[in-house]
There are 2 protein chains.
Amino acid sequence: MPSTYRRPLRLANPADRPHPTGRIGTDRPMGRPTAVNPPPPAKPTRKDALSNRERILTVARTALAESSSASLTAIAKQAGVGIGTLYRHFPTREALVMELYRHDIQRLIDRAPELLREHPPLEALRLWFDEIAHYGRLKYGVAEVIHAATNGGRDDENYAPFVRAIALLLDAGAADGTLKPGLDPEDVLLQLSVLWRIDPARGGEERARRILALVVDGLRAAPDA
Amino acid sequence: MPSTYRRPLRLANPADRPHPTGRIGTDRPMGRPTAVNPPPPAKPTRKDALSNRERILTVARTALAESSSASLTAIAKQAGVGIGTLYRHFPTREALVMELYRHDIQRLIDRAPELLREHPPLEALRLWFDEIAHYGRLKYGVAEVIHAATNGGRDDENYAPFVRAIALLLDAGAADGTLKPGLDPEDVLLQLSVLWRIDPARGGEERARRILALVVDGLRAAPDA
DNA sequence: GAATGAAGCGGAGGGCCCTCCGTTATGCCT
DNA sequence: AGGCATAACGGAGGGCCCTCCGCTTCATTC
């Protein structure tokens, strides 16, 4: 019987909070970029580091699947690694979760242009939203992206592509006149953040769909113009 | 120099979390209701309890105004009261904040019927949203209400009236055909929860207004029906 | 005014988050 | 092979949240 600790889940003014910085792979003065040399989230070069990273991810995947609020301490322990190591690899909880969802998120991002090729913009947007609503993992993935970005994390790594995907859809809709022109993709992204506040147990999916439909309607061009 | 603790602000599946229960005023077997006898949030009867409660509120008001994420520990200490006492009075952080915002929230709720008397429904809804966007305190107050409710708190105490206020506006709009019929007020409330994710520092107010405008448009009756 | 029982107090205790930094061990170079 | 610089490790430490429960102090009764 674990404990009865109820996770904070604070509701703080974003402006209050400092912001974290990852470190792995950054210590190196980074001589001439060898080939593929993505900045902070670069995969560690040392063998032990790499294996640790994998181990953490494996453990985290199952642990977080069971209870999305599993403690990092527990994950570290179960992965046989010090808490400091976990943080070295994933400077924030979001970073860890993001890594787990990265594939799903990326697939979602890729879907935007695909859908646009197969459907008219408005329809594409609808379908895209549907995918988000349908796959719980995507919902939480999206939530993480928004969350990280909102908290001043400047987590452009994952945030920017997402915004671009939305912008793509919005622009297409603006071009053919079905959506309002000049919409801010970040506004829309923010509206999606509602999704993770929905209790999935109590008619979650249904509610999610309803709300997304409302959002789409809000984005449509005013027909009386 | 305080500390560098970065508040969790977790992003957990609501279903994972147990839920708290207040206690003050509930120990008494509550004989025949004396007159005004609201259930749990009843004001304590003992003199010391009452003064403590006031003291906590006073301290909390200024502390939270300074930094919306002030620690409860600090507040308790500053109020010259044990942490246990603080929790006895306000079983959760939301409860405390809610109490501070109670007046503002109540005023906002009261505004709904007032606005409906003075304006057509759609306009009333717009104005109501404007008030939320404009007063930061309301924004955070609203956030707390939603937050508490969303976390299975069944915090009907504050949640229900709010939902009713929205329902009022929606019904009026449905009646005169400017809003969609059959809208779920809780869906709308949930959409408002976006507001507190907006960083107030970076063009917050402007963004809030934009998004609220989108929300309203989403609620409007489809003119092509 | 004393007795008494329950409301209320308060802080220890368990759990978590995250940072810091002394220690370890790996990759690379000679 | 041996040495070295340093990437990476890991856990102590400081801070926070929240619960539990023995002790204190009102308020009420006699």
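By convention in this document, chain letters (A, B, ...) are assigned in the order of the sequence lines, proteins followed by strands, and residues within each chain are numbered from 1. These figures come from a predicted structure and were not determined experimentally.
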Expressed as a whole number of angstroms, how long is the span from [X]:[atom1] to [N]:[atom2]?
X       : N      : atom1 : atom2 : answer
B/Ile56 : C/dG10 : CD1   : C1'   : 11 Å
A/Arg53 : D/dA7  : CZ    : P     : 18 Å
B/Arg93 : D/dT19 : CZ    : C1'   : 18 Å
A/Gln78 : C/dC16 : CD    : P     : 13 Å
A/Leu72 : D/dG11 : CG    : P     : 16 Å
B/Lys77 : D/dC16 : NZ    : C1'   : 11 Å
B/Leu64 : D/dC16 : CG    : P     : 14 Å
B/Glu94 : D/dC18 : CD    : C1'   : 13 Å

Output the single nucleotide from [options] whose closest atom is nearest the side chain of [X].
X       : options                : result
A/Lys47 : D/dA8, C/dG27, D/dC16  : C/dG27
A/His89 : C/dC16, C/dG8, D/dC9   : D/dC9
A/Arg88 : D/dA8, C/dC9, D/dT25   : D/dA8
B/Tyr87 : D/dA8, C/dT19, D/dC17  : D/dC17
A/Ile83 : D/dC18, C/dC18, C/dC9  : C/dC18
A/Ala49 : D/dC18, D/dA8, D/dC26  : D/dA8
B/Thr73 : D/dC9, D/dC17, D/dC26  : D/dC17
A/Thr85 : D/dG10, D/dC26, C/dG27 : D/dG10

Check whether any side-chain N or O of B/Trp128 sits under 3.5 Å from a backbone N or O of B/Ile109 as a donor-acceptor pair, and report yes or no.
no
Return yes if some donor-acceptor pair links the side-chain N/O of B/Ser68 with the main-chain N/O of B/Leu64 below 3.5 Å, else return no.
no
Within less than 4.0 Å of OP1 or OP2 of D/dC18, is there a side-chain N or O belonging to B/Thr92?
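No, no such contact exists.
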Check whether any side-chain nitrogen or oxygen of B/Asn52 sits under 4.0 Å from OP1 or OP2 of C/dC9, and answer yes or no.
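B/Asn52 to C/dC9 OP1/OP2: side-chain N or O found under 4.0 Å.
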Search all heavy atoms of A/Ala208 against all heavy atoms of A/Leu195 and return the closest pair with its distance.
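In this case the closest contact between A/Ala208 and A/Leu195 is CB-CD2, 4.0 Å.
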With no hydrogens and no angle check, do the side chains of A/Tyr101 and A/Gln106 hold a donor and an acceptor under 3.5 Å apart?
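Their side chains do not contain a donor-acceptor pair, so the 3.5 Å distance test is not met.
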B/Leu115, B/Leu169, B/Val215, B/Ile166 screened by side-chain contact (heavy atoms from CB on, under 4.5 Å) with B/Leu125, the one that passes
B/Leu169
Find which nucleotide of DNA chain D each of B/Gly84 and B/Asp48 is nearest to by heavy atoms, and output the residue with the more 5' nucleotide.
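Taking each residue's closest nucleotide, the earlier one in sequence belongs to B/Gly84.
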By nearest-heavy-atom nucleotide on DNA chain C, the more 5' of B/Val81 and B/Arg46 is B/Arg46
